Amino acid sequence: MLSLRKPRTVAGQVFLLQLVVVLLLIATAVTALVIQDRNRAIQEAKDRSLVAAESFANARGTAEAMESDDPTAELQPHAEAVRKKTGVDYVVALSPYGFRWTHPDTDQIGKNVSTSYGQALEGEPHQTTFDSSLGKAVDSTVAVFNDKGTAVGLVTVGVTVDKVTSVVQQQLPVILAAGGVALLLAAGGSALVSGRLRRQTRGLGPVEMTRMYEHHDAVLHAVREGVIILDGDGRLLLVNDEARRLLALPPQVEGRPVTGLGLSPALAGLLGSGRAATDKVFLAGDTLLAVNVRPVGPKEGSVATLRDTTELRALAGRADVAGGRLQLLYEASTRIGTTLDMKRTAEELTEVTVPRFADFATVELAEIVLQGGEPTGASTAMRHIAAAGIQEDAPLHPVGTLVSYAPGNPVATGIATGRPVLVAHLASAEDWRAQDPDRARQVIAYGIHSMISVPLQARGQLLGVVEFWRSDQDPFEPDDVSPAEELATRAAVCIDNARRYTREHTTAVTLQRSLLPGALPELSALEVGHRYLPAQAGVGGDWYDVIPLPGARVALVVGDVVGHGLHAAATMGRLRTAVHNFAALDLPPDELLAHLDDLISRIDQDAEAEGKTEAVTGATCLYAVYDPVSGQCVLARAGHPGPALVSPDGSVTFPDIPVAPPLGVGGGLPGEKAVLRLAADSRLVLYTDGLVEARGRDIDVGLRMLREALAGTHGVTLDDTCQTVLDAMLRTRPSDDVALLVARTRLLDPDQVAEWQVPEDPAAVARIRAAATRRLESWGLGETAFTTELILSELVTNAIRYGKSPISLRLLRDHDSLFCEVSDGTSTSPHLRRATLTDEGGRGLFLVAQLSRRWGTRYTDRGKIIWAEQAIDGGAAGDVSGLLMASP
């Protein structure tokens with residue numbers, strides 16, 4: 001149906017026309033027949049009704065029946081008999097006054113008829129045509145006269161037109177059959193014509209033929225190659241636009257012989273001969289033409305093509321240049337930005353462009369960009385950070401030079417507008433020469449003649465500028481600006497990424513450095529050496545610390561937060577702060593790690609509640625407390641590598657320290673601690689896993705390498721020990737952070753410690769005080785005796801009054817500090833409060849706190865120790881009456 005509505009072939013269009021004509025003829029014939037039949041049926045209905053009315057009216061006895069006393073009884077049977085025999089719709093007898101005597105519907109008998117019948121009473125039959133409920137009908141009315149000529153009644157007969165036999169029903173099949181035969185003949189003729197046309201057009205329809213012709217014509221005149229088609233007699237059949245241009249042909253040359261076009265005899269002879277030829281060169285005016293001829297059949301002519309060899313060479317040259325630029329841009333995408341180092345990225349840009357695009361290239365970046373800051377564009381001062389060229393003695397600004405471009409300079413113009421600037425001839429560029437006339441003369445004398453300056457921009461911010469220079473190559477052209485801008489754009493993105501990485505890395509390093517300890521304290525218990533080496537990927541969460549504790553003791557701690565970046569560094573700072581706080585409480589190592597585990601769990605819970613995805617899983621820690629009085633070292637670790645111990649004779653061991661799960665995943669399980677007895681001059685080596693673990697190296701191999709490295713450090717300083725270990729363990733920059741802490745132990749001279757057992761007798765306080773005073777005088781600390789007596793009297797008295805045996809007192813001298821320690825067998829902790837004027841007691845600990853530098857309580861397995869630290873160089877206590885009378 002769609003093909004009939006929109007025929008694409010000529011045969012189809014002809015068939016559609018024939019179909020329309022045949023259908024129009026059939027419709028016309030049927031219409032005329034219907035109209036003729038309708039008129040004939042109406043006339044026949046009139047004749048039938050009139051004959052029936054006349055027959056009934058003139059029938060014998062009709063007039064006598066109408067004059068009888070009961071006309072209905074006489075006429076009704078006869079009227080119905082006539083109606084049925086004649087096939088009319090009704091036969092009605094009327095009185096002269098219009099009352100029905102007969103009717104097919106007996107209910108209508110006796111009723112008056114409203115139609116006009118005056119004409120019939122005068123002797124003229126009256127006929128009317130009307131539309132009834134059964135369709136169009138015809139009514140005929142005639143009068144009935146007696147012998148005297150008087151109208152005694154009327155007879156009216158009605159017939160429906162549809163009851164008349166239709167001639168159309170008999171003639172219509174003949175008409176339709178004739179139309180069908182005509183359609184079949186038309187379709188057969190169209191099919192024959194269509195098949196013939198398709199064979200001639202090789203199956204292509206008119207649309208395809210038209211489109212193909214249009215495309216061939218467009219291609220023929222669009223190609224940059226002349227095309228000439230000649231017949232067998234050497235006359236031109238077709239010439240495209242390019243052939244007209246190359247041969248300078250006049251218009252309307254089709255049909256003319258090729259020898260009459262004014263061409264060279266050799267060229268005209270070749271074209272007219274029809275012989276095959278390949279790349280024959282002929283001179284046509286000032287143009288060298290490459291001619292190819294191909295014959296088409298024995299005498300069907302030939303086709304010739306002509307090419308301008310001069311333009312071909314120019315096009316080939318431009319294609320080579322474009323291909324070279326594409327290759328340059330491809331190499332730039334793979335070679336620029338291989339690292340996150342701004343200087344190296346700038347060097348890669350110059351290396352890619354020299355010498356393929358420029359003879360020299362220089363890159364300058366803003367000072368704030370080199371520092372990793374956000375560029376502001378407030379200044380045009382740039383620092384040269386990269387340069388490359390075909391020679392090394394070019395008089396351009398050397399790397400490291402800070403240059404501030406003056407207004408009007410092409411580079412400054414490009415920076416201000418954000419667009420590349422081309423200076424095709426430097427010798428005539430006055431604005432460029434005005435920047436530095438002496439250097440400009442040197443550059444021009446060196447042979448550098450043109451330059452392109454392109455701003456380095458990323459995210460709309462100016463990072464710097466790149467300058468391309470040429471000396472041996474042809475001067476830059478406007479076509480060179482686009483590839484220069486593309487190179488600069490790619491390099492700018494890489495430089496900006498490196499800048500942002502530098503900023504974040506600097507921020508993370510600054511944060512981590514601020515969180516790691518600076519100068520470690522001078523301690524009498526230990527001599528410490530340390531190293532921290534950040535990972536190649538950036539800062540991480542490894543940390544260490546040395547924390548002085550009361551009683552000349554010291555805490556050593558090494559930890560590791562898995563991961564890198566600001567999050568790991570910030571978490572490390574929180575852990576280090578927590579360790580300091582817990583260490584101030586003088587907690588045992590295992591309890592301290594338990595508190596850290598609980599802290600990390602709360603941090604993770606808070607992060608999860610806030611919808612943060614970063615958790616602190618994987619944090620480890622090793623905590624050790626060394627006492628120089630007894631040489632005892634108590635250690636505990638949570639998921640952290642154990643320490644190495646180097647004995648005074650140089651042998652290396654790895655003590656077996658119980659290990660607990662990493663911090664935050666312990667689930668509240670208690671940890672275990674280990675106690676080591678360290679001789680003087682022993683070295684305790686604490687480290688993070690980055691020292692012994694590496695990709696492709698098992699931890700057992702790392703521990704063996706560490707053992708060998710430490711064994712070779714006998715008799716060297718601790719700093720040298722750290723460096724030797726790092727050199728032996730880390731051949732390249734580590735992939736993980738490394739923290740290393742080496743502590744050489746010392747033991748306090750027994751003369752620096754004095755200890756007394758205190759009986760549970762208040763009277764013993766005086767004896768203990770006197771013995772302590774004598775020891776202070778032997779130490780040369782007689783000026784502190786008064787203050788010390790007050791402190792130990794208060795502490796010993798409280799121990800006797802509130803504590804349990806055994807009770808002991810220990811004085812310990814350490815550099816500039818004097819420690820007073822009183823131990824007893826209870827775990828009750830004293831609390832400092834301010835006594836009022838009416839209180840009888842409560843001022844003891846207040847006095848201790850005021851007279852000492854620090855004081856506190858630590859718990860042991862058998863009770864507690866209350867200690868107070870005094871500054872040895874603090875002098876005498878002086879008058880303490882003000883403290884004794886202090887009001888609340």
Side-chain angles (χ1 to χ4, degrees), residues 200-330 473-474 477-483:
Q200 293 179 351
T201 60
R202 301 180 184 274
L204 296 178
V207 176
E208 290 81 0
M209 291 290 293
T210 303
R211 186 183 300 114
M212 182 178 67
Y213 174 78
E214 293 174 348
H215 289 177
H216 287 184
D217 187 67
V219 171
L220 184 66
H221 293 286
V223 295
R224 298 291 293 172
E225 185 170 324
V227 178
I228 299 176
I229 300 178
L230 303 98
D231 61 10
D233 298 329
R235 294 180 178 275
L236 297 182
L237 297 179
L238 185 145
V239 181
N240 72 342
D241 295 340
E242 184 65 10
R244 295 178 188 274
R245 184 184 69 83
L246 294 175
L247 299 177
L249 297 177
Q252 304 300 327
V253 296
E254 286 80 357
R256 296 172 57 181
V258 69
T259 56
L261 301 177
L263 303 178
S264 64
L267 177 58
L270 175 63
L271 295 178
S273 66
R275 299 191 309 271
T278 303
D279 289 336
K280 296 294 184 180
V281 179
F282 296 91
L283 181 63
D286 297 333
T287 305
L288 284 177
L289 299 179
V291 181
N292 293 272
V293 180
R294 292 291 181 272
V296 181
K299 293 184 178 181
E300 296 182 6
S302 60
V303 177
T305 60
L306 305 94
R307 290 177 296 170
D308 187 349
T309 58
T310 306
E311 292 184 356
L312 286 177
R313 287 195 295 269
L315 288 174
R318 288 198 293 269
D320 290 341
V321 172
R325 288 175 178 173
L326 290 176
Q327 183 65 26
L328 175 63
L329 294 177
Y330 171 75
Q473 302 183 44
D474 294 335
E477 299 177 352
D479 290 343
D480 296 318
V481 174
S482 179

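Keep in mind that what you see is a predicted model, and the values were worked out from it rather than measured.
Side-chain atoms of Asp231 come within 3.5 Å of backbone N or O of Asp233 as a donor-acceptor pair. A donor-acceptor distance shorter than 3.5 angstrom exists from the side chain of Arg235 to the backbone of Gly255, with no hydrogens or angles considered.
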Run the side chain to side chain contact (heavy atoms under 4.5 Å, CB included) check on Val258 and Ile228 step by step: do they pass? CA-CA 10 Å; Val258 69; Ile228 299 176; 6.0 Å; no
Derivation and outcome, side chain to side chain contact (heavy atoms under 4.5 Å, CB included), residues Arg294 and Thr278: CA-CA 9 Å; Arg294 292 291 181 272; Thr278 303; 3.1 Å; yes
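In terms of heavy-atom proximity, Asn240 sits nearest to Val227 at OD1-N, 2.9 Å. Scanning both residues, Asn292 and Arg307, for their nearest heavy atoms gives ND2-NH2, 3.8 Å. When every heavy atom of Leu306 is checked against every heavy atom of Glu225, the shortest pair comes out as O-CG, 3.3 Å. The two atoms that bring Pro250 and Arg256 nearest to each other are CG-NH1, 3.9 Å, heavy atoms only. When all heavy atoms of Val303 and Ile229 are compared, the closest pair comes out as CG2-CG1, 4.2 Å.
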Could you go through residues 265-277 and list every donor-acceptor pair under 3.5 Å that involves a side-chain atom there, pairing it with any protein atom two or more places apart or in another chain?
from   : atom 1 : to     : atom 2 : distance (Å)
Ser273 : OG     : Gly269 : O      : 3.3
Ser273 : OG     : Leu270 : O      : 2.9
Ser273 : OG     : Arg275 : N      : 3.3
Ser273 : OG     : Arg275 : NH1    : 3.3

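The distance from atom CG of Leu289 to atom OG1 of Thr305, rounded to the nearest 0.5 Å, is 10.5 Å.
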